[in-house]
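Note sheet for the following structure.
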Amino acid sequence: MIWNETVECMSRDDMRKLQGIRLKQTVERVYHNCEPYRKRMQEKGITPADINDISDIVKLPFTSKQDLRDYYPFGLLSTPMSEIVRLHASSGTTGKPIVVGYTRNDLNLWNEVGARCFSAFGLGKQDVVQVSYGYGLFTGGLGAHGAVETIGGTVIPMSSGNTEKQIMLMRDFGAVGLACTPSYALYLADAMKDSNISREEFKLKVGVFGAEPWTEEMRRELESKLGIKAYDIYGLTEVIGPGVGHECECQNGTHLCEDHFFPEIIDPKTGESLPPGESGELVFSTITKEGMPLLRFRTRDLTCLHYEKCECGRTSVRMSRILGRSDDMLIIRGVNVFPSQVESVICEIEELEPHYFIVVDRINNLDTFEIQVEVKDNFYSDEVSKMIAIKKRIAHRLQSVIGLTPDIKLVEPRSIERSQGKAKRVNDKRKFNS
Ligand code: DLL
């Protein structure tokens, strides 16, 4: 179902007009209410009067994660603290978290875009949805929660962890939708198989998966293991949380809620805007948020945008699957490698489980590249020749996809650590050794 046909199916011209009006309002807001923005604009010699149309966006300075850290915790708010009704934060790997403040209207907006996502996944009033994203400062739990309530569905606020109970309640409460990270979905799928409960006892039909990169191959794996249709939901704390974009029944790209979050693709090296269809770094400007609007925020996510109308009837721009974040890209012996490339190869090979871990190191000035991967129960064998044959096939496929031959370490089923939130799939030891 299309939740908000007026905007989701708006003509491109009307959308650009609307975006232009909203951008201008946002620029006025930040210029007058947020010192760091005003300073940056003054340094560039621009005032709100220079922004009259969405194409003027390129005149504005970029914002980065570092800016959010520099103005920690509340320096980028454009509203008095008394108007902020909720805070969320993203942990980040080092140092202070990134903090985002929401006004009442921001929460309403979040629910609206969330409702668009869950409606596009075919969920509605009659459906029970288990939210197994973490609740708390992370936006996944409460974001999905608000979305389910807005469409009038019944939410089970499970949060992550406690896997046995997840499975019991999923069955007992008749959950039709499951919202969690794809890696936790995989964990749940294995645990469901190991439980004594037969698949027929579950009503699960729809997966709402996001918060980390996942591949088409992983989608197929999850769909067959869980007997569901698995949809992509995209978002990031700085912009709002889950709900920035979603797939539709066509599963041909992730529609962005561009009447609220204006997307651009730039060359990550030069900052130049790139034309539609070209891959680069995704940049968002929030054009309706009050609490902490962000202008030209560099996400570091790598993807491309497509503006043709979708067969589902929506005209909203679609983005391709996120290849990865520029900071997740490994450079191994000079070759760029994304964990998602490794994942797609592993999921294609029948004998392997989709559980893997990448270890990179530098020994005697040479990069080492090891992939640990689980072999399925029925293929795991003491016969060395069989294991060598599997290793060779993986190495051969990886050589043709990424141009490197890693050391493959086949490990027993269930030996790689499972994730209940965002998976950690890489240990780059060079960071500590260099
Ligand atoms: O992960 C928000 C979220 C929660 C999205 C639940 C979807 C579902 P952060 O923790 O700030 O926010 O992480 C944002 O995660 O920049 C991407 O790199 C990655 N990411 C999020 N969704 C997807 C997705 C939440 N569908 C960062 N595909 C983003 C690929 C994703 N990567």
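K17 has no carboxylate O lying under 4.0 Å from a charged side-chain N of D53, or vice versa, which leaves the two without a salt bridge. Salt bridge status for K229 with E223: absent, with no side-chain N to carboxylate O gap under 4.0 Å. In this structure, D367 does not pair ionically with R333, as no charged nitrogen and carboxylate oxygen lie closer than 4.0 Å. The pair D56-K59 meets the salt-bridge criterion, with a side-chain N (NZ, NE, NH1 or NH2) lying under 4.0 Å from an Asp/Glu carboxylate O. Salt bridge status for K39 with E43: absent, with no side-chain N to carboxylate O gap under 4.0 Å. The existence of a salt bridge linking R418 and E374 is confirmed by a sub-4.0 Å separation between a basic side-chain nitrogen and an acidic carboxylate oxygen. Between D259 and R116 there is a salt bridge, since a side-chain N of the basic residue sits under 4.0 Å from a carboxylate O of the acidic one. Ion pairing between a basic and an acidic side chain is recognised when a charged N comes within 4.0 Å of a carboxylate O; E348 and R220 show no such pairing. A salt bridge is absent between K269 and D267: the closest approach of a Lys/Arg side-chain nitrogen to an acidic carboxylate oxygen does not fall below 4.0 angstrom. The residues D106 and K289 are annotated as not salt-bridged, no charged nitrogen and carboxylate oxygen being separated by less than 4.0 angstrom. R300 and D328 are not joined by a salt bridge, as no carboxylate oxygen comes within less than 4.0 angstrom of a charged side-chain nitrogen. Taking a cutoff of 4.0 Å between a charged side-chain nitrogen and a carboxylate oxygen, R219 and E247 qualify as a salt bridge.
One N or O on the side chain of T150 and one on the backbone of G146 form a donor-acceptor pair closer than 3.5 Å. Using modelled atom types, no side-chain atom of D14 and backbone atom of S11 make a donor-acceptor pair closer than 3.5 Å. Between the side chain of T286 and the backbone N or O of T288, no donor-acceptor pair lies under 3.5 Å. Panel note: side chain S78, backbone M292; no donor-acceptor pair is recorded below 3.5 Å. With hydrogens and angles ignored, the 3.5 Å screen pairs no side-chain donor or acceptor of N365 with any backbone N or O of R362. Checked by atom type and distance alone, the side chain of T181 pairs as donor or acceptor with a backbone atom of G421 at under 3.5 Å. Looking at K424, its side chain does come within 3.5 Å of a backbone N or O of V426 through a donor-acceptor pair. Counting only distance, with no hydrogens or angles, the side chain of D127 and the backbone of G124 share a donor-acceptor pair below 3.5 Å.
Of the N and O atoms on the side chains of T163 and Y184, at least one donor lies less than 3.5 Å from an acceptor on the other residue. A side-chain donor-acceptor contact under 3.5 Å links Q166 and S132. Under 3.5 Å, the side chains of S320 and H306 contain a donor-acceptor pair of N or O atoms. Under 3.5 Å, the side chains of E249 and Q251 contain no donor-acceptor pair of N or O atoms. Residues R425 and Y356 have side chains that bring a donor and an acceptor to within less than 3.5 angstrom of each other. Remark: the T254 side chain and the D232 side chain contain an N/O donor-acceptor pair separated by less than 3.5 Å. Checking W214 against E343 by side-chain atom types alone, no donor-acceptor pair falls below 3.5 Å. Inspection of the N111 and E149 side chains reveals no N or O donor paired with an N or O acceptor under 3.5 Å. Side-chain atoms of D70 and Q66 include a donor-acceptor pair closer than 3.5 Å. In summary, the side chains of S316 and H255 do present a donor paired with an acceptor at a separation below 3.5 Å, with no hydrogens or angles considered. Of the N and O atoms on the side chains of E212 and S183, at least one donor lies less than 3.5 Å from an acceptor on the other residue. Side-chain polar atoms of T237 and H88 form no donor-acceptor pair below 3.5 angstrom. Side-chain N/O atoms of S160 and Q420 include no donor and acceptor closer than 3.5 Å.
Between I371 and F369, the closest side-chain pair of non-hydrogen atoms falls below 4.5 Å. The shortest distance between side-chain heavy atoms of I54 and M15 does not fall below 4.5 Å. The closest side-chain heavy-atom distance from P61 to M41 is below 4.5 Å. Considering only heavy atoms from C-beta on, V337 comes within 4.5 Å of L404 through its side chain. Residues F138 and K422 meet the side-chain proximity criterion, which asks for heavy atoms closer than 4.5 Å. Side chains of L323 and P213 form no contact here, defined as non-hydrogen atoms less than 4.5 Å apart. Inter-residue side-chain proximity for T154 and F173 is flagged as unmet; no heavy-atom pair is nearer than 4.5 Å. You'll find the side chain of Y102 stays beyond 4.5 Å of the side chain of I84, heavy atoms only.
Around the NZ atom of K309, the shell of radius 6.0 Å holds no more than 12 heavy atoms that belong to other residues, nucleotides or ligands. Around atom NZ of K65, more than 12 heavy atoms belonging to other residues, nucleotides or ligands sit under 6.0 Å away. For NE2 of H396, the number of neighbouring non-hydrogen atoms (other residues, nucleotides, ligands) closer than 6.0 Å is 12 at most. Atom CD of E5 has 12 or fewer heavy atoms from other residues, nucleotides or ligands within 6.0 Å. Shown here is R104, whose CZ atom has no more than 12 heavy atoms of other residues, nucleotides or ligands within 6.0 Å. By the 6.0 Å contact criterion, CD on E311 is open, its count of non-hydrogen atoms from other residues, nucleotides or ligands being 12 or less.
Ring planes of F261 and F284: perpendicular class, angle over 60° (limits at 30 and 60°). The aromatic rings of Y135 and H145 sit perpendicular to each other, their planes meeting at more than 60°, with 30° as the lower class boundary.
Between V85 and T103, the shortest heavy-atom distance links the atoms CG2-C, 3.7 Å. In terms of heavy-atom proximity, L186 sits nearest to P354 at CD2-CG, 3.6 Å. Considering every non-hydrogen atom in both L142 and G136, the closest pair reads CD1-O, 4.1 Å. The minimum heavy-atom distance between V206 and F121, with the atom names listed, is CG2-O, 3.7 Å. Counting all heavy atoms, side chain and backbone alike, R296 lies closest to S273 at NH2-OG, 3.9 Å. The minimum heavy-atom distance linking P242 with I233 is given by the pair CB-CD1, 4.2 Å.
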| Run the salt bridge (charged side-chain N to carboxylate O under 4.0 Å, His left out) check on E8 and R314 step by step: do they pass? | CA-CA 5 Å; E8 292 181 74; R314 290 178 184 81; 2.9 Å; yes
| Would I265 and L282 count as a side chain to side chain contact (heavy atoms under 4.5 Å, CB included) if you check the C-alpha gap in whole Å, the side-chain angles of each, and the deciding distance to 0.1 Å? | CA-CA 5 Å; I265 297 286; L282 183 61; 4.0 Å; yes
| task | Might you work through the side chain to side chain contact (heavy atoms under 4.5 Å, CB included) test for V342 and F357, ending with a clear yes or no? | result | CA-CA 10 Å; V342 173; F357 193 73; over 6 Å; no
| Audit row: E290, T79, side chain to side chain donor-acceptor pair (under 3.5 Å) steps and yes/no | CA-CA 7 Å; E290 297 176 341; T79 330; 6.0 Å; no
| said: Please evaluate residues L302 and F338 with respect to the criterion side chain to side chain contact (heavy atoms under 4.5 Å, CB included), reporting the C-alpha separation (whole Å), side-chain torsions for both, the decisive distance (0.1 Å), and the verdict. | reply: CA-CA 11 Å; L302 303 173; F338 283 98; 3.4 Å; yes
| query | Does the side chain to side chain contact (heavy atoms under 4.5 Å, CB included) test come out yes or no for R12 and Y307, once each step is laid out? | reply | CA-CA 9 Å; R12 185 85 351 239; Y307 288 86; 3.6 Å; yes
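By the 6.0 Å and 45° rule, R298 stacks over the aromatic ring of F62.
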